[in-house]
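Notes for the one structure printed next.
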Number of protein chains: 2
Amino acid sequence: MGKEVQRRRDLIAATIREIGETGTLSVTVGKIAKRAGVSPGLAFHYFGDKEALFLAAMRAILRDYGDEVRAALAGADTPAERLEAIIGASFAESHFRDGAVAAWLNFYVLAQTSDEAARLLALYHRRLHSNLVHDLRPLLGNEAPCAARRMAALIDGIYLRFALTRDAVDAAPAAEEVRAALATERAAAEAAQSA
Amino acid sequence: MGKEVQRRRDLIAATIREIGETGTLSVTVGKIAKRAGVSPGLAFHYFGDKEALFLAAMRAILRDYGDEVRAALAGADTPAERLEAIIGASFAESHFRDGAVAAWLNFYVLAQTSDEAARLLALYHRRLHSNLVHDLRPLLGNEAPCAARRMAALIDGIYLRFALTRDAVDAAPAAEEVRAALATERAAAEAAQSA
DNA sequence: TGTTTAATTGACTGGTCAATCAATAATGAC
DNA sequence: GTCATTATTGATTGACCAGTCAATTAAACA
């Protein structure tokens, strides 16, 4: 029965929206359920408890991000194009829409104490790192793993800053900064090679 | 009377510790007061409400960080030494001790909705950026402001990763990654100059 | 010492909320 | 249409908590 799938989807969407509006994880399940157009009991019926509901929402966000990356990578051939695809997907508008930002921030908080959240976060870290290394290697050689760690952290750091800067609505400059960092890495690598 | 100063200090320290242990901002003022060895009422008497208490704690953390940076800068002469001082202070052990990590994460969450938290965060951003530009300029010239933005975001991103990675206890590798990024920036700048 | 003033207490209130569960409605099988 | 199964409700419970305030204690001072 697709009923359950639809309800779960609705509840997850409502969770993200609600967290986005209040900014915190301390939204009530009642509010979320109301927004989804169901009774509070149903949220517990499908997800068990509040934390599980939030983690399901976070999993959905991470899945969307993964899909976006994969789609972007599909149309990219060269390493440089693939890196551009990763950067583009990382700062896609969907990453800033609705409650995605608020969800991420609260996800970080939860990752301190929830094993499942920590697991999910580590998964995201590994995926991003492995994607970056794969496409940096042809450009930077042995420096690739280190550069990938830097770029991954930079992506997170820039996201954080743009997400938390009140006036910043347009994410384009964020991606631009990562591109500039990549250019710097390539310039440094080239200089090292010719030395 | 120094009594009030002492009590405020105790309450702030207890707040940071308590947040550190639970990981969240949803600690009760009662628990904090108990840890500080006073009654719940006193916390409200001195700080007004819970948010003000947390913001006072965050201000204390930011002040400590500022002191640390200033002290490190005092013993540094060359731009390179000063940059090293900033990096060292940014990953000082005190930044990972007690509830500093948890406080920072919850601070980010709060910055979405609290004007005062957003103000404090912007202040931190400005200070760091201005320090970095000041000492990057002699090394990188016009590239300094851009490189400073990258380095600032990188510091935040790396802090985030190290703070949230379960097994990482030692912050030394974190600082090392920022140093490597700085070296990359310098190498790229040198290459650009000779071109 | 007695008196004023400041510091501190902790019981209390009003409200909130996660989670439960018994009851009801919808769905589908035969 | 009857019955069984599944989906859904929403009232309820029990616990918790921010913030208040009247009462108490300690400090300061004359």
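Just so we're on the same page: letters track the sequence lines, and every chain starts at 1.
- For B/Y124 and B/W104, the ring centers sit closer than 6.0 Å to each other.
- Each of C/dT27, D/dA27, D/dT9 was ranked by its minimum atom distance to the side chain of B/K3; first place goes to D/dA27.
- Following rounding to the nearest Å, A/L42 (CG) and D/dA7 (P) show an atom-to-atom distance of 9 Å.
- One can place CG of B/L53 at 11 Å from P of D/dA18, the figure rounded to the nearest angstrom.
- B/R7 has a side-chain polar atom (N or O) that falls below the 4.0 Å cut-off from OP1 or OP2 of C/dT8.
- Applying the salt bridge (charged side-chain N to carboxylate O under 4.0 Å, His left out) rule to pairs touching residues 54-72 of chain A yields A/R59-A/E116, A/D67-A/R70, sequence neighbours excluded.
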Nucleic acid footprint by protein, nucleotides 18-24 of chain C - heavy-atom cut-off 4.0 Å, B for base, S for sugar-phosphate alone: SBB----
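- Inspection of the B/Y65 and B/S94 side chains reveals no N or O donor paired with an N or O acceptor under 3.5 Å.
- Residues meeting the salt bridge (Lys or Arg N to Asp or Glu O under 4.0 Å) test with A/R97, sequence neighbours left out: A/E93.
- Between B/I32 atom CD1 and D/dG19 atom C1' the separation is 14 Å, expressed in whole Å.
- Each of C/dT8, D/dT9, D/dA7 was ranked by its minimum atom distance to the side chain of A/Y46; first place goes to D/dA7.
- Rounded to whole Å, atom P of D/dT8 lies 11 Å from atom CD of A/Q6.
- A cation-pi geometry, defined here as NZ or CZ lying under 6.0 Å from the six-membered ring centre and within 45° of its normal, holds between A/R8 and A/F47.
- More than 12 heavy atoms of other residues, nucleotides or ligands sit less than 6.0 Å from atom NE2 of A/H125.
- For B/K34 and C/dT9, the NZ to C1' distance is 15 Å, given to the nearest whole Å.
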